[in-house]
Amino acid sequence: MTFRHGDRGVATSPDVDFAEVVRTQAQARRDQQAGEIEAELDRARQRMSLLGRLALGLGARKAVSATEGASDDR
Amino acid sequence: MIAKLQCQAELDKLAAVIGPLDPHWCRAGEVSADDIRALRYEALDELAQVQGPMFRRLAKAARFLPRGKASRLALDLGPLLTARLLPHLNPLLVGRLARPLPVEFLADTTLQADPRVLRTLVAHIAPDQLAASAAHLVQRQCYVQAGQLADVLTPPAIRESLTLIQDDVALLRLAFYMEQPEKLGDIIRLIDNDRLNRIILAGATDRSAWPLLLWVMDQVGQDLKSRIANQVLSRDPAVLNELIEFADQNGLWGPVLRALGTLKASHRRIVVHLAALRNRSTLEHLIRAAYDEELMAHTLPLVEAMNADFQAIVANTGLKMGGSILEAFVRTAIQENRADLVLTLASRLQDSELEELATLGLFTEGFVLRPLIMAAIVSGQVATLVRFAKALSRRGQALFAGLLAGDHGALLERMLNRTDALAGRDWRNLVSVLGRLEAPEQLASIAEVVQWQSARTYDTLRNYAENAGLALFRSRRS
């Protein structure tokens with residue numbers, strides 16, 4: 001799965017792996033989205049009702065314990 | 001070549017997930033659509049992992065909220081967080097939560113969500129909300145995201161969407177991004193004739209939509225393909241002329257060839273005489289594409305519809321393109337029971353060109369020569385057949401004569417019944433080819449056949465044989 005890099009699809013430089021390029025860009029997008037999610041969560045907390053904040057807090061708290069290996073998903 | 005369009009659709013979908021790709025990559029053509037799709041799924045899986053446990057827990061908590069509160073929670077979370085919650089929610093619950101949500105919110109969530117997840121949820125969302133969201137996305141030119149869901153919409157949602165989306169070219173764009181293009185035919189069958197005609201004409205008159213139109217034409221069955229092709233042509237042949245030029249410039253002959261094969265005979269005549277096909281290099285590209293994409297059978301009706309001058313150009317062009325292409329054409333014509341077209345094209349060649357054609361290896365094969373003889377008899381092209389036989393190699397001529405003599409000269413007898421238009425040169429050529437026979441039983445067979453011919457045919461053959469010094473028909477006429 002190799003795309004050639006160059007004008008009009010003609011090879012002008014060594015082959016570069018297309019999958020590698022996509023995965024790198026996907027990783028950057030993932031990092032960017034992680035930041036966006038954090039920001040959205042902050043905004044959501046501010047506009048949420050008590051019940052909403054409770055649900056969100058429950059999710060966040062459980063998530064923390066889940067990442068700490070509590071495996072309370074089950 | 002349609003693979004190029006499939007790759008383009010996949011690259012656009014990938015860009016919708018990870019952001020715009022370097023244009024250099026978008027031009028390349030060495031990655032398959034399947035490979036690009038696999039990378040997109042990988043990227044979507046990566047995105048789904050961001051805070052995955054938190055969203056899973058949040059979804060569990062949301063399950064216990066009253067419906068109104070849960071919908072409110074979605075609004076408070078915003079489209080991005082809601083989109084990330086969707087994989088963890090029961091589809092039925094999603095349908096209920098979505099009901100009070102505004103269209104703009106649903107559209108924004110669609111833009112952020114994993115399309116694979118959305119496709120499992122669509123059936124649970126009200127058709128009017130789906131249609132309104134789709135219309136909203138089209139208005140914002142988010143064709144990729146809306147198109148990816150088009151093939152899972154229910155018939156009511158499709159009908160509602162068609163009412164709300166009045167931009168006909170946009171509908172072609174949505175079709176381009178469908179995940180399962182093979183379902184396009186089912187969707188088109190839900191569109192009334194007037195609207196479908198409008199969509200086709202909108203695509204035909206908007207140059208930017210031509211790849212989409214070609215794509216759509218290539219995805220649907222024969223009946224719809226025929227309808228679209230005939231519709232474009234009957235509206236304005238000049239458009240088709242430009243469309244052919246466009247397909248030629250963009251390596252999209254596959255869809256065009258497949259569509260041309262479905263044209264009505266009267267339309268086919270118009271097509272083959274379009275100016276675009278008069279260009280020799282265009283013609284070469286068409287023939288090359290037909291060969292590369294194994295679409296040679298689609299060229300047969302086109303050859304048949306051409307006038308003699310154009311057939312001569314095609315025959316000459318094919319000859320210049322080399323043996324493998326010519327052999328593919330001949331084999332295909334024979335498989336399709338159209339050996340007569342081989343003779344028709346051969347009749348347009350000069351003697352030297354005919355000799356070049358006759359050097360092809362497959363003309364020393366009985367499975368090729370026999371159908372040619374049969375086709376000549378049936379279509380009345382005996383003069384061309386004899387001229388062609390004379391151009392064959394010695395081995396080819398011997399086989400040809402043997403086929404005529406076989407089965408007690410059955411084929412020779414049938415052929416001699418169609419020799420009214422033979423000129424002196426043709427008789428001389430026929431006798432010369434028959435002179436390749438050596439086996440006594442073959443010679444006896446043809447002598448037997450000849451002696452029962454009309455006096456004119458008998459005398460003509462005998463005279464030419466004697467003049468050539470051949471003792472072919474020694475037996476006395478009874």
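All values below come from the heavy atoms of this structure, side chains included, with hydrogens, waters and symmetry mates left out. To find a chain, count down the sequence lines: A is the first, B the second, and so on, and within it residues start at 1.
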N/O donor to acceptor pairs below 3.5 angstrom from side-chain atoms of residues 42-50 of chain B, sequence neighbours left out:
unit_1	atom_1	unit_2	atom_2	d
B:E42	OE1	A:R23	NH2	3.1
B:E42	OE2	A:R23	NE	2.5
B:D45	OD1	B:R116	NH1	3.4
B:D45	OD1	B:R116	NH2	2.7
B:E46	OE1	A:R30	NH1	3.4
B:Q49	OE1	A:R30	NH1	3.4

Does [X] reach the side chain of [Y], with side-chain heavy atoms less than 4.5 Å apart?
{"X": "B:M54", "Y": "A:L41", "result": "yes"}
{"X": "B:D35", "Y": "A:F18", "result": "no"}
{"X": "A:Q33", "Y": "B:Q112", "result": "yes"}

Chain A: which of B:V17, B:L75, B:L80 shares the most heavy-atom pairs with it under 4.5 Å?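 Maximum pair count with chain A is reached by B:L80.
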Counting heavy-atom pairs under 4.5 Å with chain B, which one of A:Q27, A:E40, A:E36, A:R43 comes out on top?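 Ranked by heavy-atom pairs under 4.5 Å with chain B, first place is A:E40.
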Relative to chain B, which segment of A:Q32 carries a heavy atom at a distance below 4.5 Å: side chain, backbone, both, or neither?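 No part of A:Q32 comes within 4.5 Å of chain B.
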Sort B:R40 into side chain, backbone, both or neither according to what part of it lies under 4.5 angstrom from a heavy atom of chain A.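 Nothing of B:R40, per the 4.5 Å heavy-atom cut-off to chain A.
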If I measure from the heavy atoms of chain A, does B:P20 come under 4.5 Å with its side chain, its backbone, both, or neither?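 Answer is backbone: N, CA, C or O of B:P20 sit under 4.5 Å from chain A.
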Minimum heavy-atom distance between B:L77 and A:A44, given as atom pair plus value: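 Heavy atoms of B:L77 and A:A44 come nearest at CA-CB, 4.1 Å.
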A:Q25 side chain vs B:G19 backbone, donor-acceptor pair below 3.5 Å: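 Checked: pair present.
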Should we say atom CD of B:E294 is surrounded by more than 12 heavy atoms from elsewhere, each under 6.0 Å from it?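 No, CD of B:E294 has 12 or fewer neighbouring heavy atoms, counting only those of other groups under 6.0 Å.
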